[in-house]
Amino acid sequence: MSAPPAGAAEAGRGREGTVFDIGYQRYTGAREGRARARMAVFKDGLRIAMGLGRGPRAKILPWFFVAVLAFIALIMALVAGAAERLGGPGAAQEMNLPSHSDFYGIASMILFVFAALVGPELLCRDRREGVIHLYLVRPLTGADYVFSRWAAFLVVVSAAAWLPQLILFLGLSMGDPAPLDYLGQHWLDVPRFLLAGLAMAAYTTTLALLTASFTTRRAYAAVFLVGLFMITTPFTAGAAQEIGGTAGQWISMFNLTNIPVHVNDVIFGQVSEITEEAPARAFPPAVLVGWYLAWTLVPAAILGWRYRRGAP
Amino acid sequence: MASGDALLVAEHLTKRYRDVTALDDVSFSIFDGITGILGENGAGKSTAIKIFLGLIRPTSGSATVLGQDAFESVAVRGRLGYMPEHDCLPGQVSAAEFLTHLAEASGLPPSAARTRAADTLRHAGLFEERYRAIGGYSTGMKQRVKLGQALVHDPAFVFLDEPTAGLDPVGREEMLDLVRKTHREFGISVLLSSHLMADVERTCDRIVVLQGGRLVESGEVGHFTKETETVFIEVDTNREALVAALQRRGVVVTAEGGGLTIEGADESVYDLVRDALVEAQAPLRRMAPRRAALTDLFERDGDRAPAGAGA
């Protein structure tokens, strides 16, 4: 091998670099204050809820529930599509197959269990590990912190609720012999399921995080929430049927699983399969919506109070 | 803020929890530099720090941080750092990710937060380990992460609560070096809360001593140690005659082991010692000035000694 020309060697030496330790540098850039702090806690909440940036174990639970919800919607779409193709146009409607207005009723328990198992992780871990103390000494109030976490989980639950509805909508559109006609006739289902999904997500998020604010262990919060939903459903249904009348209707209102489904019924203007037998459905829409708001806003206020400055 | 302005000011600060008075009419100012806050458990150190961090509202009096009301101003906390004594680190995430996140939570834009996190971990001596999950770190490394998160947003003032807790002697020395660097190289003022007087004496420029919620002492560390400067002497023979000669000259002298400790170390004391040595015909073996440690100071004034002073 011939030696490189002298000029090339000089140029090569010229490209060599030296690393200097320039010591500590003061930060002179922008400081974006509370808005940036809230956004940071919000983004971190999304990552915790979906297990992003964490190990595989942290991802299993949230993605499993998302997959189950999507699978249910896929099955519903396939069945409706098959009915249309086998029975002719309008067959799915004639057979009264479940559709958008029924989905949240069918999936409500899965959404509640999802919120109960995943939601508490957003608050419990910070308090158990003491990270909350590092947040509260930054340009962030306790209310900022808990609202950012709440908003992050609301987004996650909303997405988990909307995704299957979207799959169902696309499936039903494509399964219809005349997809454009279907879209023209059913486009209103989209804003309806978005609004009903948001209502469902706000309710479950608030209850899950309120429960989480009372314990540092996710398992305790999850068991309490799942137990609460599981127990109130058969208990209130049985007692409401037994007692009957207005008292029975009010007992039926305490079925925690049905509270957001009644709102779903109000939004879609029809009773879903899950609330068909509930005596509470006879209440006027304003009462049903008011009851839902009470069960969402009062827990939200308690949650905010629990995280007033420096409290945890 | 002009040099010499107080960074933290407590004015008649009182904090009561039902029947317990955690702070009782305490007033002091903290300036640029490293200040130690000393006191036994329950002396009010943590309460004072919590008030300055805006976590609790004082019952009466005022606490001002960087010229702003500590409780009312949330924005000022973007310029403060806090290293708690207790555990506060998540086990699952890496130090780099954690510091980046907390830099953002202090108001820094994401790109700046990433750069600052890497730089801060380098200064804290964790650059090579920054992508490992914090849960696998040693106690010393965790303390460095705790210090790093307090510095990552380049605060003007940082509160360090027992930064050497749980560290072995080497780790403790390294942490105190980092604390000194924090002010001398990084230019960040420090309030160091500790019950270890040796740490405070070797690291701090000034001290604030609290006991039972009241202010006992505050001032420069050198002031306390200078006040009690002594001279230690040893002689081969005629020790009793020397003591008598010193006492005749009005010198306060106490026996300590094989030697004598003489209070005061100005020029006149040295002259008196010289004269007494000649008079007693005591051959001098050793004579050395000795500056009292903070530990000695508070042990001597037993009624105001913080617990753990001897540590």
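Numbered from 1 within each chain, the chains take letters A, B, ... in sequence-line order.
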Which atoms of B:P109 are under 4.5 Å from chain A, going by heavy atoms: the side chain, the backbone, both sets, or neither? both
Distance col, row A:Q25:CD vs B:D119:CG, nearest 0.5 angstrom, shows 8.0 Å
Portion of B:F98 that has a non-hydrogen atom of chain A nearer than 4.5 angstrom: side chain
Less than 4.5 Å to any heavy atom of chain A: does that hold for the side chain of B:L151, its backbone, both, or neither? backbone
Distance alone, cut at 3.5 Å: any donor-acceptor contact between the side chains of B:Q92 and A:R57? no
Can you list the steps and then say if A:V137 with B:L80 is a side-chain contact (heavy atoms from CB on, under 4.5 Å)? CA-CA 8 Å; A:V137 296; B:L80 301 177; over 6 Å; no
Just verifying a value: how many Å separate B:I188 CD1 and A:R26 CZ, rounded to the nearest 0.5 Å? 5.0 Å
Give, for atom CD1 of B:I134 and atom CD of A:E129, the distance between the pair rounded to the nearest 0.5 Å. 9.0 Å
Pairwise side-chain contact, A:L140 with B:V74, heavy-atom cut-off 4.5 Å (strictly under): no
Greatest number of heavy atom pairs closer than 4.5 Å to chain B - which of A:G53, A:G130, A:P139: A:P139
Under 4.5 Å, counting heavy-atom pairs only, tell me which of B:E97, B:K146, B:M83 racks up the most with chain A. B:E97
Taking every heavy atom of B:G78 against every heavy atom of A:R31, the minimum-distance pair comes out as O-NH1, 3.3 Å
Yes or no on side-chain contact (heavy atoms from CB on, under 4.5 Å) for A:L134 and B:L102, after CA distance, side-chain angles and deciding distance? CA-CA 8 Å; A:L134 302 183; B:L102 287 182; 3.8 Å; yes
Has B:D177 got more than 12 heavy atoms of other residues, nucleotides or ligands less than 6.0 Å from its CG? yes
Heaviest contributor of heavy-atom pairs below 4.5 Å to chain A, chosen from B:H86, B:R57, B:K50, is B:H86
CZ/A:F224: more than 12 non-hydrogen atoms of other groups inside 6.0 Å: no
Checking B:K181, B:R122, B:H123, B:E185 against A:Y24 for side chain to side chain contact (heavy atoms under 4.5 Å, CB included), the one that qualifies is B:H123
Within the distance-only criterion (no hydrogens, no angle test), does the side chain of A:R36 pair as donor or acceptor with the backbone N or O of B:P110 below 3.5 angstrom? no
Hey, is CZ on A:F71 packed in by over 12 heavy atoms from elsewhere, all under 6.0 Å? no
A:A37 and B:A105: which non-hydrogen atoms are nearest, and at how many Å? CB-O, 3.1 Å
From CZ (B:R77) to OG1 (A:T141), nearest 0.5 Å: 7.5 Å
Please determine, among B:L108, B:V93, B:V76, the option with the most heavy-atom pairs under 4.5 Å with chain A. B:L108
Within residues 38-47 of chain A, contacts to chain B at heavy-atom distances under 4.5 Å involve A:A40, A:V41, A:K43, A:D44, A:R47
What's the separation between atom CD1 in A:I132 and atom SG in B:C88, rounded to the nearest 0.5 Å? 12.0 Å
For the pair A:Y135 and B:H101, name the ring-plane relationship: parallel under 30°, tilted 30 to 60°, perpendicular over 60°. perpendicular
Write down the atom of B:D154, the atom of A:Y27, and the distance for their closest heavy-atom approach. OD2-N, 2.6 Å
To the nearest 0.5 Å, tell me how far B:E104 CD sits from A:E32 CD. 9.0 Å
Can you establish whether the number of heavy atoms outside B:Y131 located under 6.0 Å from its atom OH is more than 12? no
Pick whichever of B:A113, B:P90, B:A112, B:G187 has the most heavy-atom pairs under 4.5 Å with chain A. B:P90
